[in-house]
Protein chains: 2
Amino acid sequence: MTDAPPQTRIQARNRAIILEAGLEVFAARGFRGATLDRIAQSAGLSKPNLLYYFPSKEAIHVALLEQLLDLWLAPLRALDPEGEPRQEILRYVRRKLEMSRAHPRESRLFANEILQGAPRARPVLDRELKQLVDEKAALIARWSEAGRIGPVDPHHLIFSIWALTQHYADFDVQVRAVLGEADPFARAEAWLTRMFEAVLAPPG
Amino acid sequence: MTDAPPQTRIQARNRAIILEAGLEVFAARGFRGATLDRIAQSAGLSKPNLLYYFPSKEAIHVALLEQLLDLWLAPLRALDPEGEPRQEILRYVRRKLEMSRAHPRESRLFANEILQGAPRARPVLDRELKQLVDEKAALIARWSEAGRIGPVDPHHLIFSIWALTQHYADFDVQVRAVLGEADPFARAEAWLTRMFEAVLAPPG
DNA sequence: GTCTATAGTCTGATAGAC
DNA sequence: GTCTATCAGACTATAGAC
């Protein structure tokens with residue numbers, strides 16, 4: 001959101017190391033469950049040194065949320081008004097699922113934040129997120145009204161894509177316990193493609 | 001899972017009060033974020049009195065998880081082999097969504113547990129949950145092979161139902177922020193019905 | 001059965017030497 | 001910039017009076 005202050009090379013590097021360690025620990029244990037001790041250990045730095053680079057535990061968390069949201073919303077931003085509607089939405093689904101596969105820790109960090117009532121992310125949800133979703137929902141609504149895709153509820157279609165793709169990151173433990181299988185993602189992609197093809201099929 | 005020991009009326013009542021308070025606090029703040037002080041305050045009891053009824057904070061959490069899982073899996077258990085396949089699955093979807101609406105705290109408590117890697121629920125996932133899902137997935141597979149519903153991946157169909165319905169409880173804050181709307185559930189039910197009708201439509 | 005008081009531990013953050 | 005040492009507060013759990 002705001003630009004970071006200018007940094008030396010070593011500062012930039014240590015900030016990055018701390019954020020990586022913070023991502024690891026916050027994602028696995030939630031904000032409250034994460035301790036500075038553990039983040040410091042994971043980063044290979046001392047606890048006071050952490051607090052030399054970030055003023056507080058919360059500052060690390062906020063920095064992570066900010067850096068995360070750009071990555072997270074990129075696939076939705078990429079939804080192209082000029083593209084072929086079904087291809088665009090299916091590509092969005094696949095990109096979002098790929099995010100869950102490649103970045104499960106980011107997904108869980110975000111899920112933790114929302115689950116706790118979004119104490120730190122609320123303003124971003126109310127403004128940037130709502131604005132982006134409204135814009136893309138309007139686009140999907142136009143596609144639907146033009147009969148290029150089946151009748152859909154645009155907002156809830158987007159929620160469905162979020163829910164279905166993030167499930168494979170956030171509930172990974174449960175999915176693997178039930179399947180007893182190493183990598184659920186190949187079948188997940190085939191199934192999600194099948195689902196959204198069915199619901200997006202144009203009328204007639 | 002195990003039977004509770006015999007209790008006087010006042011013991012049963014206080015245990016219930018503590019579990020209700022624990023549900024409230026654990027769901028909102030996660031295991032680590034919940035404190036005995038807060039649970040005690042919410043229950044209207046003193047902190048040592050809490051620990052008279054339960055030996056530890058963890059014991060309260062485990063008791064909640066156990067009591068929760070029966071409720072949680074009831075809709076899936078109710079899937080009837082003798083029923084009309086599409087009606088059965090659609091009814092399951094609606095019941096599960098109704099669970100999210102009526103019991104969001106239970107949903108969030110469970111989501112927290114899974115997100116943290118299911119440290120306390122893992123054995124139940126590996127055994128009871130896997131067994132139940134495998135059994136119901138086999139039923140759905142038979143329906144699909146008989147051509148009574150469209151071709152589906154039974155396990156991932158069940159994951160989809162979980163993901164889509166729990167999203168409205170667990171990500172409630174985000175859903176409401178984006179919609180700026182009081183009650184998303186009416187539209188959610190219409191949309192989920194539409195989605196699953198599309199994907200379950202028999203071939204030809 | 002319920003309370004007050006408190007033991008013992010952990011945690012976020014700071015002080016100050018180098 | 002990084003460290004050791006340490007503080008103040010919060011936390012789970014226990015002891016013991018009533």
Side-chain angles (χ1 to χ4, degrees), chain A residues 4-66 109 112-113 116-117 119-120, chain B residues 4-66 109 112-113 116-117 119-120:
Chain A
Q7 296 169 18
T8 68
R9 211 167 300 130
I10 197 170
Q11 280 176 331
R13 182 165 173 278
N14 276 345
R15 284 179 62 96
I17 288 175
I18 292 168
L19 289 175
E20 159 64 25
L23 175 59
E24 183 72 26
V25 179
F26 282 127
R29 313 169 74 94
F31 180 78
R32 196 89 190 310
T35 66
L36 287 180
D37 266 324
R38 200 170 281 262
I39 297 172
Q41 185 187 357
S42 172
L45 297 171
S46 71
K47 195 162 47 160
N49 206 5
L50 238 62
L51 295 169
Y52 170 77
Y53 287 99
F54 291 89
S56 67
K57 173 179 169 179
E58 177 155 19
I60 303 176
H61 194 264
V62 169
L64 278 167
L65 276 178
E66 288 180 354
L109 178 70
N112 258 309
E113 169 71 8
Q116 318 280 311
R120 284 164 281 269
Chain B
Q7 296 169 17
T8 67
R9 211 167 301 131
I10 196 168
Q11 279 176 331
R13 182 164 173 279
N14 275 346
R15 283 180 63 96
I17 287 175
I18 292 169
L19 288 176
E20 159 64 26
L23 175 59
E24 183 71 26
V25 179
F26 282 127
R29 313 169 74 94
F31 181 77
R32 194 90 190 312
T35 67
L36 288 180
D37 264 323
R38 201 171 279 263
I39 297 172
Q41 185 187 358
S42 172
L45 298 170
S46 71
K47 195 160 49 163
N49 205 6
L50 238 63
L51 294 168
Y52 169 77
Y53 287 99
F54 291 89
S56 68
K57 172 179 166 177
E58 177 155 18
I60 303 176
H61 194 264
V62 169
L64 278 168
L65 276 179
E66 288 179 355
L109 179 71
N112 257 308
E113 169 70 9
Q116 319 278 312
R120 285 164 279 269

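Each chain gets a letter, A, B and so on, in the order the sequences are listed, and its residues count up from 1.
Among the heavy atoms of the strands, none lies under 4.0 Å from A/F54.
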When the side chains of residues 36-47 of chain A are checked against the rest of the protein, which donor-acceptor pairs come out under 3.5 Å, sequence neighbours left out?
unit_1 : atom_1 : unit_2 : atom_2 : d
A/S46  : OG     : A/N49  : N      : 3.3

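Listed candidates were D/dC11, C/dT2, C/dA13. Nearest to the side chain of B/I10 is C/dT2. Each of D/dT14, D/dT12, D/dG1 was ranked by its minimum atom distance to the side chain of B/L51; first place goes to D/dT14. Here the side chain of A/P48 is nearest to one of D/dT12, D/dA5, C/dT11, namely D/dA5. The side chain of A/Y52 has D/dG1 as its nearest neighbour among D/dG1, D/dA13, D/dT4. In the set D/dA13, C/dT2, C/dG12, D/dA13 carries the atom at the smallest distance from any side-chain atom of B/S56. Of the listed nucleotides (C/dC3, D/dT2, D/dT12), C/dC3 has the atom at the smallest distance from the side chain of B/N49.
Note: CG (B/L45) to C1' (C/dC3) measures 12 Å, nearest angstrom.
One finds a side-chain N or O of B/T8 lying less than 4.0 angstrom from the OP1 or OP2 phosphate oxygen of C/dG1. A sub-4.0 Å separation between OP1 or OP2 of C/dT2 and a side-chain N or O of B/S46 is absent.
A parallel orientation is assigned to the rings of A/F31 and A/F26, their planes being inclined by less than 30° (bins at 30° and 60°).
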Take B/L64 and B/R120 through the test side-chain contact (heavy atoms from CB on, under 4.5 Å) and record every step on the way to the result. CA-CA 11 Å; B/L64 278 168; B/R120 285 164 279 269; over 6 Å; no

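Nearest-nucleotide mapping onto DNA chain D: of A/R32 and A/N14, the residue sitting toward the 5' end is A/N14.
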